[in-house]
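What follows is a short report on a single structure.
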Amino acid sequence: MPRECRPLKDAQGGVVGFACGPGARTRQPCRWCGKPSTKLCDWPLPKGTCDAPMCEGHATQIGRNLDHCPEHATADRQAEKLPGGQLPG
């Protein structure tokens with residue numbers, strides 16, 4: 001099996017090392033600002049989760065190891081204002 005490698009970069013974009021192995025892949029940038037993503041949105045969808053890539057600054061932690069993207073964090077806040085905290089149909 002071929003080994004894939006990807007560069008590891010610091011906050012300034014400088015390469016500080018490499019990660020190699022089967023399945024090593026490049027992280028997608030944050031959908032909102034383009035910085036390196038560190039989280040994926042955990043908003044539930046009919047088949048899985050949103051999985052939008054986000055940086056720390058654009059993630060809203062909603063639980064232990066659970067984060068929502070800006071769009072779904074807004075939906076959470078709107079649901080809190082509705083009777084029973086339910087999202088509109």
Side-chain angles (χ1 to χ4, degrees):
M1 176 182 291
R3 291 179 58 121
E4 299 177 31
C5 294
R6 66 177 174 88
L8 300 174
K9 298 182 180 183
D10 60 18
Q12 291 75 37
V15 176
V16 295
F18 290 90
C20 298
R25 32 175 218 184
T26 304
R27 284 189 180 164
Q28 294 179 330
C30 174
R31 184 177 291 176
W32 289 268
C33 68
K35 291 181 181 175
S37 65
T38 57
K39 301 175 182 286
L40 298 175
C41 179
D42 297 305
W43 181 267
L45 296 175
K47 293 185 178 185
T49 58
C50 170
D51 288 342
M54 313 171 281
C55 67
E56 293 286 333
H58 284 103
T60 299
Q61 186 175 16
I62 58 149
R64 187 175 181 202
N65 199 28
L66 292 172
D67 301 279
H68 283 171
C69 66
E71 293 168 16
H72 291 124
T74 299
D76 277 341
R77 287 190 292 276
Q78 290 171 346
E80 291 171 359
K81 296 177 186 177
L82 298 173
Q86 296 296 313
L87 289 172

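Position 1 is the first residue of the sequence; numbering continues from there.
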Check Asp42 against Thr49 and note the closest heavy-atom contact, atom names and distance.
O-CG2, 3.7 Å
Taking all non-hydrogen atoms of both residues, which atom of Leu40 and which atom of Asp51 are closest, and how far apart?
CD2-O, 3.4 Å
If you take all heavy atoms of Pro70 and His58, which pair is closest and at what distance?
CD-O, 3.2 Å
The salt bridge (Lys or Arg N to Asp or Glu O under 4.0 Å) partners of Glu56 (sequence neighbours excluded) come to Lys39
Under the side-chain contact (heavy atoms from CB on, under 4.5 Å) test, which residues partner Pro36, sequence neighbours left out?
none
Measure the spacing between SG of Cys30 and CD of Gln28 and express it to the nearest 0.5 Å.
11.0 Å
Closest non-hydrogen atom pair, Gly34 against Pro29:
O-CB, 3.4 Å
Could you name each residue pair satisfying side-chain hydrogen bond (donor to acceptor under 3.5 Å, both in side chains) that touches residues 61-71, not counting sequence neighbours?
His68-Asp76
Test side chain to side chain contact (heavy atoms under 4.5 Å, CB included) on Cys69 and Arg31 and set out the steps.
CA-CA 9 Å; Cys69 66; Arg31 184 177 291 176; over 6 Å; no
